[in-house]
Trainee: 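Have a look at this one.
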Amino acid sequence: MLVHLVDGTYELFRHFYAMPPEKNADGLEVAAIQGVLASMLYLLGDGATHLAVATDHVIESFRNDLWPGYKTGAGIEAALLAQFHPLEQALSAMGVVVFPMVEFEADDALAAAAAVAAADPRVARVLICTPDKDLAQCVFGERVVQFDRRARQMRGEAGVVKKFGVPPASIPDYLALVGDAADGYPGLRGWGAKSTGAVLAKFGHLEAIPADWRTWGVNATSPAALAHTLEENRDAALLFRTLATLRTDVPTFGDVAELEWTGPRPEFAALAASFEAAARGAGSIKRGR
């Protein structure tokens, strides 16, 4: 059994900017929703049997209480934001399990669901369908992998090390030092990707990095400056790591059988008809990736 866990927020964003606008009979923008549904149809047609989509029901989460600069809904186009909740309704009508997050984020739901699915001996592999670097921390061998469907790239543990220079367990520490502009925290000054990868490849976690850079024995640029910056900003680094660490205690599902797709619900026919009407000028919903 393969379990596909999809980042619905990412899918909505990418389809919003990839597709021409289309409105339904009520004048509401629906093109991105159509794109995500078509993408899920493609995934199911490609053999997926057990599927769930995690969404950000609201953009803000508990992390906004920890760091004032953390990402918010500010700046998101109104036509995109208006499709968040209708997407969840459309996916449910399609018969797809949805995890709408309020206190937590879609990434937390993906991490939690991956942990539950991976613990089930009936599951051969868990595919976390998103290119988001945060989710690299959830990769485990070749059993739990990241699948970038757009690039058609599968990334297991060796792939994470190749890309970031560190194993999955060190990804939160890595992001704490290099920062994550998409999520709104800056990391530490001077800690670039290569130096961070080199240091963490040897020491693993922030707490294990010696204060004396002369004991590091790694190929890092300006190690004295890096050590000084870390020492001066250790509390900030630990906070950023908390922001980067995904929560696996988020309630998602109890048994993997709940994720099996058995077909659309009765209300999906009317929904599909409304989409067809909106798309009539440009053709029917096409299967996408």
Side-chain angles (χ1 to χ4, degrees), residues 1-13 33 36-63 83-132 134-149 154-157 168 171-172 245-268 271:
M1 181 191 302
L2 301 181
V3 172
H4 290 77
L5 302 172
V6 179
D7 184 344
T9 302
Y10 164 75
E11 291 286 340
L12 191 65
F13 268 80
I33 297 173
V36 178
L37 295 185
S39 184
M40 295 305 98
L41 284 175
Y42 182 90
L43 190 59
L44 291 164
D46 204 33
T49 59
H50 292 70
L51 170 68
V53 178
T55 62
D56 291 296
H57 192 70
V58 297
I59 300 298
E60 290 76 10
S61 70
F62 75 95
R63 291 179 176 87
Q83 294 181 75
F84 273 49
H85 298 173
L87 172 65
E88 296 166 353
Q89 297 163 1
L91 287 167
S92 295
M94 190 178 173
V96 174
V97 173
V98 181
F99 307 136
M101 293 291 103
V102 177
E103 179 184 357
F104 302 98
E105 296 181 52
D107 287 355
D108 295 309
L110 292 172
V116 175
D120 193 318
R122 296 170 294 176
V123 176
R125 176 179 270 188
V126 181
L127 295 92
I128 305 175
C129 301
T130 178
D132 193 332
D134 293 4
L135 272 300
Q137 66 191 268
C138 302
V139 170
F140 180 73
E142 293 295 326
R143 180 169 174 74
V144 180
V145 300
Q146 263 192 286
F147 181 29
D148 184 342
R149 297 176 59 227
M154 199 87 69
R155 185 177 298 132
E157 195 157 344
I171 289 296
T245 301
L246 299 180
R247 295 280 295 268
T248 57
D249 58 343
V250 178
T252 51
F253 67 95
D255 190 286
V256 73
E258 300 170 29
L259 306 185
E260 184 175 8
W261 188 74
T262 57
R265 296 178 179 177
E267 62 266 29
F268 186 70
L271 180 67

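Worth knowing before you read on, the calculation uses all heavy atoms, side chains too, and leaves out hydrogens, waters and symmetry mates. Not measured: the values here are computed from a predicted model.
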Trainee: CE of Met154 to CG of Leu127: how many Å apart, nearest 0.5 Å?
Mentor: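 Interatomic distance, Met154 CE to Leu127 CG, rounded to 0.5 Å: 5.0 Å.
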Trainee: Could you go through residues 134-141 and list every donor-acceptor pair under 3.5 Å that involves a side-chain atom there, pairing it with any protein atom two or more places apart or in another chain?
Mentor:
residue : atom : partner : partner atom : Å
Gln137  : OE1  : Leu246  : N            : 3.0
Gln137  : NE2  : Asp134  : O            : 2.9
Gln137  : NE2  : Ala244  : O            : 2.8

Trainee: Quick one: does Arg247's side chain have a donor or acceptor within less than 3.5 Å of a partner on Glu105's backbone?
Mentor: no
Trainee: Among residues at least two apart in sequence or on other chains, which ones pass side-chain contact (heavy atoms from CB on, under 4.5 Å) with Val98?
Mentor: Thr55, Glu88, Leu91, Ser92, Pro100
Trainee: Are the side chains of Leu43 and Trp261 in touch, meaning some heavy atoms are under 4.5 Å apart?
Mentor: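 Not in contact.
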Trainee: Measure the acute angle between the ring planes of His57 and His85, then classify it against the limits of 30° and 60° as parallel, tilted or perpendicular.
Mentor: parallel
Trainee: State which residues pass ring pair (Phe, Tyr, Trp, His ring centres under 6.0 Å) with Tyr10; sequence neighbours excluded, sorted by chain then number.
Mentor: none
Trainee: Check whether any side-chain N or O of Gln83 sits under 3.5 Å from a backbone N or O of Ile33 as a donor-acceptor pair, and report yes or no.
Mentor: yes
Trainee: Hey, does the side chain of Asp56 reach the backbone of Ala106 with a donor-acceptor pair shorter than 3.5 angstrom?
Mentor: yes
Trainee: Is the closest side-chain heavy-atom distance between Cys129 and Phe147 below 4.5 Å?
Mentor: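 When only atoms from C-beta onward are counted, Phe147 and Cys129 do touch, with a gap below 4.5 Å.
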Trainee: Can you measure from CG (Leu2) to CG (Leu51) and round to the nearest 0.5 angstrom?
Mentor: 12.0 Å
Trainee: Of all heavy-atom pairs between Thr245 and Pro172, which one has the smallest distance, and what is that distance?
Mentor: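 Result for this residue pair: OG1-CB, 3.5 Å.
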Trainee: Closest heavy-atom contact between Gly8 and Val53?
Mentor: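 Shortest heavy-atom separation between Gly8 and Val53 comes out as CA-CG1, 3.5 Å.
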Trainee: Could you tell me whether the side chain of Glu260 reaches within less than 4.5 Å of the side chain of His50, counting heavy atoms only?
Mentor: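 The answer is yes; the side chains approach within 4.5 Å.
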Trainee: Rounded to the nearest 0.5 Å, how far does CG of Leu5 lie from CZ of Phe99?
Mentor: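 The distance works out to 6.5 Å.
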Trainee: Go through the structure and list residues passing salt bridge (charged side-chain N to carboxylate O under 4.0 Å, His left out) with Glu142, not counting sequence neighbours.
Mentor: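 Partners of Glu142 under the salt bridge (charged side-chain N to carboxylate O under 4.0 Å, His left out) test: Arg125.
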Trainee: Would a 4.5 Å heavy-atom cut-off, applied to side chains only, mark Leu44 and Met94 as touching?
Mentor: yes
Trainee: Strictly by salt bridge (charged side-chain N to carboxylate O under 4.0 Å, His left out), give each pair with a member in residues 107-117 just once, sequence neighbours left out.
Mentor: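 For residues 107-117, and leaving out neighbouring residues, the salt bridge (charged side-chain N to carboxylate O under 4.0 Å, His left out) pairs sorted by first residue read Arg63-Asp108.
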Trainee: Give the minimum heavy-atom separation between Ala93 and Phe268, together with the two atoms involved.
Mentor: O-CB, 3.3 Å
Trainee: My understanding is that only residues two or more places apart in sequence, or in another chain, count here; which of them pass side-chain contact (heavy atoms from CB on, under 4.5 Å) with Asp255?
Mentor: Arg122, Ala257, Glu258
Trainee: For a 4.5 angstrom cut-off between non-hydrogen side-chain atoms, does Val97 reach Phe253?
Mentor: no
Trainee: Work out which heavy atom in Thr252 is nearest to a heavy atom in Ala109; give both atom names and the distance.
Mentor: CG2-O, 3.7 Å
Trainee: Quick one: OG1 on Thr49 to NE2 on His4, what's the gap to the nearest 0.5 Å?
Mentor: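 Between Thr49 OG1 and His4 NE2, I get 8.0 Å after rounding to 0.5 Å.
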Trainee: Could you grab the distance from atom CD of Glu11 to atom CG of Leu87, nearest 0.5 Å is fine?
Mentor: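 That separation rounds to 9.5 Å.
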Trainee: Measuring from atom OH of Tyr42 to atom CZ of Arg149, what distance do you get when rounded to the nearest 0.5 angstrom?
Mentor: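 Reported to 0.5 Å precision, the distance equals 8.0 Å.
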Trainee: Over all heavy atoms of both residues, which pair between Ala118 and Arg143 is shortest? Give the atoms and the distance, please.
Mentor: O-NH2, 2.8 Å
